[in-house]
Structure formats: structure tokens, C-alpha cells
Engineer: 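I have a structure here, written as C-alpha cells, and I will follow up with some questions on it.
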Amino acid sequence: MKDLDTEKTEPVGSIKEAIVAGVSVDLFSLKPKKSYSMAGQDYSGQNYFGVLVRVRTEEGAEGLGEVFVTPGWYGPDSPLSYVYLISQVFTPVLIGKSVFNTAELVQRMDRLWMGNLWSKAALETALYDAAAKTLGVPLADLLGGRSRERFPLVGGVGEDTPEEMAHSAREYVDRGFKTIKLKIGSIADPDLDVARVRLVREEIGPHVVLRVDANGVYGSDVRGAVKLIRKIEAFDLDHVEQPLSHRQFRGMARVREAIDVPLMADESVHTLEDAHRVIDAGAADIVKLKMAKNGGYRKCSELISACVEAGLRIELGNGIQSSIASFHELTLACSNPNVMPAGEFPGPDKLVSDIADHPLQIEDGDALLPIAPGIGTELCEESFQACRIDLTALAKG
């Protein structure tokens, strides 16, 4: 037997210190397969815009993070603010630090700049991916293990004619999707929303879960929101999402008291403080998280704990993004049993192309959790360069 006291061994951790050597941030644009209008806004012909962050370690691991470039009504970040904050403010405090020190690095970013959760989420998720790839394990295992191997997805249907929405919903059901979500919000003609919900329910039958999302279009109009919801409750809705605007905590509570279907808060909950406002006001039965909106893994985990303790359900996802962001949300959903199905992280399912070399796989309406290290994919450099936006030209306008 060898003498362990005298045998030369490499110190534990010396190979996998995973020191951040570089961080890059880029904007990219992908074309959707079909128009997806919402909140009474026509987004016809508009591409999906995303922010890609790459964190590279001295050992050569590359972690990937992505967030969507949000419209102004949803959050404070703008395309160039992402680039400035990530490259000029946050990156200097990450260089030379270990990707395993995520708690410390997130705290440092919070001290440097208040808010701007999208930028922080892009960096934090990339750090987690780099850490898992350094160890050669799936990120779900690093987060505590898999509670699921696959996760049911939502078939998201944007605002359109009742007939087109019913057709889109049927396409999802035929592919095995068991949950459909409709965008509604026709303030000028509430009966149009009623017709949309009615026709979709008739098309998909009684056994498919049906949800609706108004994206806050009723503002502070509690009476108008309640009037519409009472009309569509008869179509067996799983829940109604965010009928009022984001700061209407008391108004949401009044809506919740007046209806018989569960109420979800999405735009109302960005931070842990927002979640406590919703809880204290009794403003929702369900809270919808997005990793971009809520700041990444650590902040989402804090929100999940607070909401579950208060008896609220948690759902997760953003309706359109590439596989990079979708894999992160899938990883959180499959590693935390308190995240309820179905999820809204369809990856390239709504896009004509992708930037991952191994895109998200969907089988019978479920997203499949990869077994490869990290989030299960690397960047497809050729595809990414084809959709990358020239930041110099963007800055010049």
C-alpha cells in the first residue's frame, strides 16, 4: 500500500478553481415563425431580440446566459444599458473570481447597481453554467438534483381572430401539449375576448388546461377586468394572469375577491419585496416567475420559498427566447419541485433558428432536460454570428 502521507498529490481544488478570465456581451436577433401579438399591441413583423453573455474561465469552460430584450413597459433595461452595465460595471468585479462564488458575486453586483435584474440574470446564469461545466455535471445536479427529467410546456397563442387562435391551439394539442395559454386584452371590444376563449375551448375540448393572460391591459379598471373574467369563467379556466397593471396590488386583490377562478401575478412581481406586497394584499393565488425579470437562480429561489410559504403556487417561463435561456428555466423547473407545470420556455419552437449547438428538445409537449454538463449545450458560433447585432452601428443609431 502506498504511503499517503509521503505520496505527492495535487491539492484539492487546484485543478478546478474556475477563475473568471473573460466576459463578453452581445445582442442578437432571431425571426419568429409567426407573429405573436399581446397586450393590445401588434408585434407583426418584429423579431425576437436577446442578450447573450459568455463567461470564460482560465481552464477554458464557457458559461452561457441569455435574457430577452424587454419592451419598455415591462422593465427598465434597454439594449445598450445591458451592454454598458455588463461590460463596464459588473465584469470588472467578476474577473479573477471563482465562478463557484456565486453568492458573493451576486451581492457585489447588487451593491454596485440597484435594480436592472435582467443584466444581473444574464451574468448569474452564465456563471452557474460555467461552474457546472467545470465540474462536468448537469447544472440541475449542482442545484440540488433532479426532481424531474422533463417538464410540460405551455402552448402559447397570441392575440388574433378567434378562428386563428383556435387553429393555433389545435396545432399545439395535436403535438401533445396539454396546456394552452391565450393572450387577451381587447379593451375596445371585450366580447372579442369572450369569443376567443369560447372558440378555443370548443376546439381543444374539456380535458386540455386553458389559461388566459391580459398583460395588465385593464390598468386600474377593476370593474372592467372583473366584468370580463366573469364572462369567461364558464370556459373552465385554470387561471387568469395579470389583468391589472403591475403596481395595482390592492386592485388585484379586489379582482381576486370578485372572481371564482385563480388569479396570477406576473408583471407585479419583480423582487422579493414585490412578492411580499402581493402576499400582504392577498393579490394573487399564483406568482409567475421569469429568470430574466426576477434576477436569476438565487433570487428566483428566494421568491419561490417566500411564495410557497405563503401558500401561493409558482409557475415559470418567458414565452419566446432561444434555447440558451430556455435551458436555464428548464433547469430551475426540473431541480425545484415547487415550480408547477406547465412552463413557458419553448426555446426555438417559436423561432425559425437557434443559437445553441444542441437546441431544446420537445417531446409530446414536454421539454426534455439534457444530461450533458451545464445547461446541456454550447453556443453554435456559426448560427450566432449570423444573427449577432453590430453594437457599433447600434450605438451610432
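Heads up: numbering here begins at 1 and tracks the sequence.
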Engineer: Is it true that D274 and R247 have a side-chain N and a carboxylate O under 4.0 angstrom from each other?
Structural biologist: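 Yes, D274 and R247 are salt-bridged.
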Engineer: Hey, does V173 have a side-chain heavy atom less than 4.5 Å from the side chain of I180?
Structural biologist: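 I180 vs V173: side chains touch.
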Engineer: Hey, is K288 close enough to E315 for a salt bridge, meaning N to O under 4.0 Å?
Structural biologist: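 The answer is no: the pair does not qualify as a salt bridge.
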Engineer: Please determine if D364 and R175 form a salt bridge, counting it only when a charged side-chain N lies under 4.0 Å from a carboxylate O.
Structural biologist: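 No.
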Engineer: Just wondering, do L123 and I86 contact through their side chains at under 4.5 Å, heavy atoms?
Structural biologist: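 I86 vs L123: side chains touch.
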Engineer: Are I279 and M264 connected in the hydrophobic side-chain network, where two residues link if heavy atoms are under 4.5 Å apart?
Structural biologist: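 Result: no, two separate clusters.
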Engineer: With a 6.0 Å cut-off on ring centres, are Y128 and H328 close enough?
Structural biologist: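 Ring centroids of Y128 and H328 are no less than 6.0 Å from each other.
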Engineer: Kindly compute the distance separating CD1 (I184) from CD1 (I232), expressed to the nearest 0.5 Å.
Structural biologist: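 It is 4.5 Å, given to the nearest 0.5 Å.
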Engineer: Compute whether any side-chain donor of one residue and acceptor of the other, for S186 and D193, lie under 3.5 angstrom apart.
Structural biologist: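 Absent: no donor and acceptor within the cut-off.
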Engineer: Looking at D238 and R211, would you say the former's side chain and the latter's main chain have a donor-acceptor pair under 3.5 Å?
Structural biologist: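 No: the side chain of D238 does not pair with the backbone of R211.
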Engineer: Within a strict 4.5 Å, meaning less than it, do heavy atoms of the E149 and L368 side chains meet?
Structural biologist: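 The answer is no, as the side chains (C-beta and beyond) never meet within the 4.5 Å cut-off.
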Engineer: Quick check: are there more than 12 heavy atoms from other residues, nucleotides or ligands sitting under 6.0 Å from CZ of R254?
Structural biologist: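 Incorrect, the count does not exceed 12.
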Engineer: Would you say that S24 contacts R54 through its side chain, given a criterion of any heavy-atom pair below 4.5 Å between the two side chains?
Structural biologist: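 Yes; the side chains approach each other to less than 4.5 Å.
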Engineer: Under 3.5 Å, side chain of D285 to main-chain N/O of L263, donor-acceptor pair present?
Structural biologist: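 Yes, D285 side chain to L263 backbone: donor-acceptor pair under 3.5 Å.
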Engineer: Tell me the closest heavy-atom pair linking P243 and A225, and the distance in Å.
Structural biologist: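 Heavy-atom minimum between the residues: CB-CB, 4.0 Å.
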Engineer: For F49 and F28: C-alpha separation, side-chain torsions, deciding distance, then whether side chain to side chain contact (heavy atoms under 4.5 Å, CB included) applies.
Structural biologist: CA-CA 6 Å; F49 291 90; F28 67 97; over 6 Å; no
Engineer: Is the shortest heavy-atom distance from the side chain of L228 to the side chain of Y218 under 4.5 Å?
Structural biologist: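 They are in side-chain contact.
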Engineer: Would you confirm whether R201, through its side chain, and G205, through its main-chain N or O, come within 3.5 Å as a donor-acceptor pair?
Structural biologist: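 Yes; judged by distance alone, with no hydrogens or angles, the pair exists.
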Engineer: May I ask you to decide if F235's main-chain N or O and R198's side chain share a donor-acceptor pair within less than 3.5 Å?
Structural biologist: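 No: the side chain of R198 does not pair with the backbone of F235.
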Engineer: Charged N to carboxylate O below 4.0 Å: is that the case for K293 and D266?
Structural biologist: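 Salt bridge flag = yes for D266 with K293.
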Engineer: Would you say the side-chain atoms of E59 pair up with the backbone N or O of A18, donor to acceptor, closer than 3.5 Å?
Structural biologist: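 Yes.
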Engineer: What I want to check is whether the side chains of K34 and S168 have a donor and an acceptor closer together than 3.5 Å.
Structural biologist: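 There is such a pair between these side chains.
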Engineer: Yes or no on side chain to side chain contact (heavy atoms under 4.5 Å, CB included) for V25 and V51, after CA distance, side-chain angles and deciding distance?
Structural biologist: CA-CA 7 Å; V25 55; V51 177; 3.7 Å; yes
Engineer: May I ask you to decide whether R196 forms a salt bridge with D160, counting only side-chain N to carboxylate O separations under 4.0 Å?
Structural biologist: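 No, R196 and D160 are not salt-bridged.
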Engineer: Between L94 and V99, is a side chain to side chain contact (heavy atoms under 4.5 Å, CB included) present by the stated rule, with each step listed?
Structural biologist: CA-CA 8 Å; L94 302 183; V99 295; over 6 Å; no
Engineer: Would you call K290 and E344 a salt bridge, taking side-chain N to carboxylate O under 4.0 Å as the test?
Structural biologist: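 A salt bridge is absent here (no side-chain N lies under 4.0 Å from a carboxylate O).
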Engineer: Nearest heavy-atom pair of V89 and L112: which atoms, and what distance?
Structural biologist: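 That would be O-CD1, 3.6 Å.
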Engineer: For N215, does its backbone N or O pair with a side-chain atom of E241 as donor and acceptor, under 3.5 Å?
Structural biologist: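 Not confirmed, E241 side chain does not pair with N215 backbone.
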Engineer: Could you check if a side-chain atom of V278 sits within less than 4.5 angstrom of a side-chain atom of M252, using non-hydrogen atoms only?
Structural biologist: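 Side-chain contact under 4.5 Å: no.
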Engineer: Looking at R148 and A333, would you say the former's side chain and the latter's main chain have a donor-acceptor pair under 3.5 Å?
Structural biologist: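 Flag set: sc R148 to bb A333 pair under 3.5 Å.
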Engineer: Would you say K227 has more than 12 foreign heavy atoms packed within less than 6.0 Å of its NZ?
Structural biologist: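 Not more than 12 within 6.0 Å, no.
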Engineer: Set out, in order, the CA-CA distance, both residues' side-chain angles and the distance that settles side chain to side chain donor-acceptor pair (under 3.5 Å) for E171 and H167, then state yes or no.
Structural biologist: CA-CA 6 Å; E171 288 182 330; H167 176 71; 3.2 Å; yes
Engineer: Test of understanding: clusters of I, L, V, M, F, W, Y form through side-chain heavy atoms closer than 4.5 Å, transitively. Do M291 and V106 belong to the same one?
Structural biologist: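 Yes; V106 is reachable from M291 via cluster members.
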Engineer: Starting at CG of L192, measure out to OG1 of T161 and round the result to the nearest 0.5 Å.
Structural biologist: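 These two atoms lie 8.5 Å from each other.
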Engineer: Once you round to the nearest 0.5 Å, how far does CZ of F151 lie from CG of L332?
Structural biologist: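 Answer for the CZ-CG pair, F151 versus L332, is 9.0 Å.
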Engineer: Same cluster or not: W113 versus V53, using hydrophobic residues (I, L, V, M, F, W, Y) connected whenever any side-chain heavy atoms lie under 4.5 Å apart?
Structural biologist: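 Cluster IDs for W113 and V53 match.
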Engineer: Is the side chain of D221 donor-acceptor paired with the backbone N or O of G224 at a distance under 3.5 Å, no angle test?
Structural biologist: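 Yes.
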Engineer: Could you check whether D110 pairs with K299 (Lys NZ or Arg NE/NH1/NH2 to Asp/Glu carboxylate O, under 4.0 Å)?
Structural biologist: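 Here D110 pairs with K299 in a salt bridge, since their nearest N and O are under 4.0 Å apart.
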Engineer: Indicate yes or no: does E62 engage R56 in a salt bridge with an N to O separation below 4.0 Å.
Structural biologist: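 Yes, this pair counts.
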Engineer: Is the shortest side-chain heavy-atom distance between N294 and E302 below 4.5 Å?
Structural biologist: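 Of all side-chain heavy-atom pairs linking E302 with N294, none is under 4.5 Å.
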Engineer: Under 4.0 Å between a side-chain nitrogen and a carboxylate oxygen: does that hold for E124 and R298?
Structural biologist: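 Salt bridge: no.
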Engineer: Which atom names give the shortest non-hydrogen contact between F68 and A292, and what distance separates them?
Structural biologist: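 That would be CE2-CB, 3.6 Å.
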Engineer: Under 6.0 Å between ring centres, would you say that holds for F345 and F327?
Structural biologist: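 No.
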Engineer: Going only through I, L, V, M, F, W and Y residues with side-chain contacts under 4.5 Å, is there a path from V339 to V209?
Structural biologist: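 Unlinked, V339 and V209 end up in two clusters.
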Engineer: Whether the side chain of K350 engages the backbone of P348 through a donor-acceptor N/O pair (distance < 3.5 Å, no angle test) should be reported.
Structural biologist: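 Not a single qualifying donor-acceptor pair exists.
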Engineer: For G65, is there any backbone N or O sitting under 3.5 Å from a side-chain donor or acceptor partner on T125?
Structural biologist: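 Not confirmed, T125 side chain does not pair with G65 backbone.
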Engineer: Run through L312, I286, V269, L272 and flag the one making a side-chain contact (heavy atoms from CB on, under 4.5 Å) with C307.
Structural biologist: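 Going through L312, I286, V269, L272 one by one, the side-chain contact (heavy atoms from CB on, under 4.5 Å) with C307 is satisfied by L312 alone.
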Engineer: One pair to check against side chain to side chain donor-acceptor pair (under 3.5 Å): Q242 and S268. What are the steps and the verdict?
Structural biologist: CA-CA 8 Å; Q242 197 73 44; S268 290; 2.9 Å; yes
Engineer: I would like to know whether L30 and N47 meet side chain to side chain contact (heavy atoms under 4.5 Å, CB included); could you show each step before the answer?
Structural biologist: CA-CA 6 Å; L30 294 170; N47 284 4; over 6 Å; no
Engineer: Using the rule that Ile, Leu, Val, Met, Phe, Trp and Tyr join whenever any side-chain heavy atoms are under 4.5 Å apart, tell me whether Y172 and L199 fall into a single cluster.
Structural biologist: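 Y172 does not cluster with L199.
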Engineer: Is there a side-chain contact between L52 and L379, using heavy atoms and a 4.5 Å cut-off?
Structural biologist: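 Yes; the side chains approach each other to less than 4.5 Å.
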Engineer: Kindly compute the distance separating CE (M109) from NZ (K120), expressed to the nearest 0.5 Å.
Structural biologist: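 One gets 7.5 Å once the value is rounded to the nearest 0.5 Å.
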Engineer: Enter the distance from T102:OG1 to Y297:OH here, rounded to the nearest 0.5 Å.
Structural biologist: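 The OH atom of Y297 is 11.0 Å from OG1 of T102, to the nearest 0.5 Å.
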Engineer: Counting only heavy atoms not in R230, do more than 12 sit closer than 6.0 Å to its CZ atom?
Structural biologist: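 More than 12 within 6.0 Å, yes.
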Engineer: If you measure from CD1 on I389 to OG on S29, what distance do you get to the nearest 0.5 Å?
Structural biologist: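 The distance works out to 5.0 Å.
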